[in-house]
Amino acid sequence: QVQLVESGGGLVQAGGSLRLSCVASARTFSSYSMGWFRQAPGKEREFVAAISWKGDSTYYADSVKGRFTISRDSAKNTVYLQMNSLKPEDTAAYYCAAKVTKVLTTTPRSWDYWGQGTQVTVSS
């Protein structure tokens with residue numbers, strides 16, 4: 001069982017930056033693929049970014065490519081999402097997810113563990 005706790009959300013103006021953090025409880029954190037998803041009110045949860053268990057491969061949604069960066073620190077059991085050039089359409093609850101299998105996927109149902117989410121609000 002893996003517990004995930006996100007932090008770092010908040011209110012920011014368009015064009016600003018935020019860094020989200022997700023701390024995992026698992027002693028085998030380095031064996032999990034990690035990802036970030038987001039969900040806006042009235043919309044389905046959507047993929048944002050993912051990083052491989054080794055940290056040598058990343059994948060991004062087209063909507064955030066070039067603005068967001070995912071990274072991980074196995075010594076701290078933490079995955080990060082650096083978000084730059086934020087837009088009002090990035091407003092959502094952001095969720096950290098962990099995946100046992102090594103293949104990076106974009107469908108929420110293929111991820112095994114989820115955090116409670118952290119709210120990001122971007123004002124225009």
Side-chain angles (χ1 to χ4, degrees):
Q1 189 73 12
V2 179
Q3 292 185 325
L4 304 172
V5 179
E6 303 98 333
S7 62
L11 173 64
V12 64
Q13 289 188 332
S17 298
L18 282 175
R19 188 176 80 156
L20 305 183
S21 300
C22 171
V23 179
S25 65
R27 290 189 294 174
T28 56
F29 170 76
S30 60
S31 67
Y32 290 91
S33 300
M34 300 297 296
W36 287 96
F37 289 75
R38 67 187 181 187
Q39 189 168 16
K43 295 187 176 181
E44 293 187 352
R45 190 166 297 189
E46 66 173 6
F47 170 77
V48 175
I51 187 166
S52 64
W53 65 286
K54 286 185 176 180
D56 58 352
S57 178
T58 57
Y59 186 57
Y60 297 93
D62 287 343
S63 58
V64 306
K65 202 172 294 182
R67 300 188 298 122
F68 291 11
T69 302
I70 188 171
S71 61
R72 64 189 298 161
D73 184 340
S74 292
K76 296 182 178 181
N77 276 20
T78 301
V79 62
Y80 303 98
L81 185 68
Q82 177 66 45
M83 305 185 295
N84 299 328
S85 302
L86 283 161
K87 304 175 181 180
E89 51 263 44
D90 294 318
T91 295
Y94 282 71
Y95 297 88
C96 176
K99 194 169 181 292
V100 175
T101 56
K102 302 297 187 282
V103 176
L104 298 182
T105 58
T106 62
T107 53
R109 65 176 180 273
S110 65
W111 291 74
D112 301 299
Y113 302 101
W114 293 88
Q116 293 300 307
T118 185
Q119 179 67 35
V120 172
T121 303
V122 184
S123 63
S124 57

By side-chain contact (heavy atoms from CB on, under 4.5 Å), which residues pair with S85, not counting sequence neighbours? R67
Run the side-chain contact (heavy atoms from CB on, under 4.5 Å) test against S57 and tell me which residues pass, sequence neighbours left out. S52, L104
Using the salt bridge (Lys or Arg N to Asp or Glu O under 4.0 Å) criterion, which residues pair with D62? Sequence neighbours excluded. K65
E46: salt bridge (Lys or Arg N to Asp or Glu O under 4.0 Å) partners, not counting sequence neighbours: R38
Within this structure, what is the [atom1]-[atom2] distance for the pair [X] and [Y], rounded to the nearest 0.5 Å?
X	Y	atom1	atom2	result
W53	R72	CH2	CZ	9.5 Å
L4	Q116	CG	CD	9.5 Å
I51	S33	CD1	OG	9.5 Å
D90	L18	CG	CG	10.0 Å

Shortest non-hydrogen contact from [X] to [Y]?
X	Y	result
V12	G16	CG2-CA, 3.8 Å
S123	L11	CB-CD1, 4.4 Å
A98	M34	CB-SD, 3.6 Å
D73	F29	O-CE2, 4.0 Å
V48	V64	O-CG2, 3.5 Å
L86	M83	CD2-CB, 3.8 Å

Between V23 and Q3, is the side chain to side chain contact (heavy atoms under 4.5 Å, CB included) condition met? List the steps. CA-CA 8 Å; V23 179; Q3 292 185 325; over 6 Å; no
Using the ring-ring contact (aromatic ring centres under 6.0 Å, His included) rule, collect all pairs that involve [range], keeping only residues at least two apart or in two chains.
range	result
residues 103-124	F37-W111, F37-W114
residues 70-98	none
residues 54-77	F47-Y59

Are there over 12 heavy-atom neighbours, none belonging to K102, within less than 6.0 Å of that residue's NZ? yes
Disulfide bond (SG atoms under 2.5 Å apart) contacts in which one or both residues fall within [range], not counting sequence neighbours:
range	answer
residues 38-69	none
residues 23-87	none
residues 1-119	C22-C96

Determine whether a donor-acceptor pair (N or O, by modelled atom type, separation under 3.5 Å) exists between the side chain of N77 and the backbone of A24. yes
Does Q39 use its side chain to pair, donor to acceptor, with the backbone of A92 at less than 3.5 Å? no
If a pair satisfies salt bridge (Lys or Arg N to Asp or Glu O under 4.0 Å) and one of its residues is in residues 106-124, list it, with sequence neighbours excluded. none
Determine which pairs satisfy side-chain hydrogen bond (donor to acceptor under 3.5 Å, both in side chains) with at least one residue from residues 16-32, sequence neighbours left out, and list them in order. S17-N84
With a 4.5 Å cut-off on side-chain heavy-atom distances among I, L, V, M, F, W and Y, is there a chain of contacts connecting V120 to V5? no
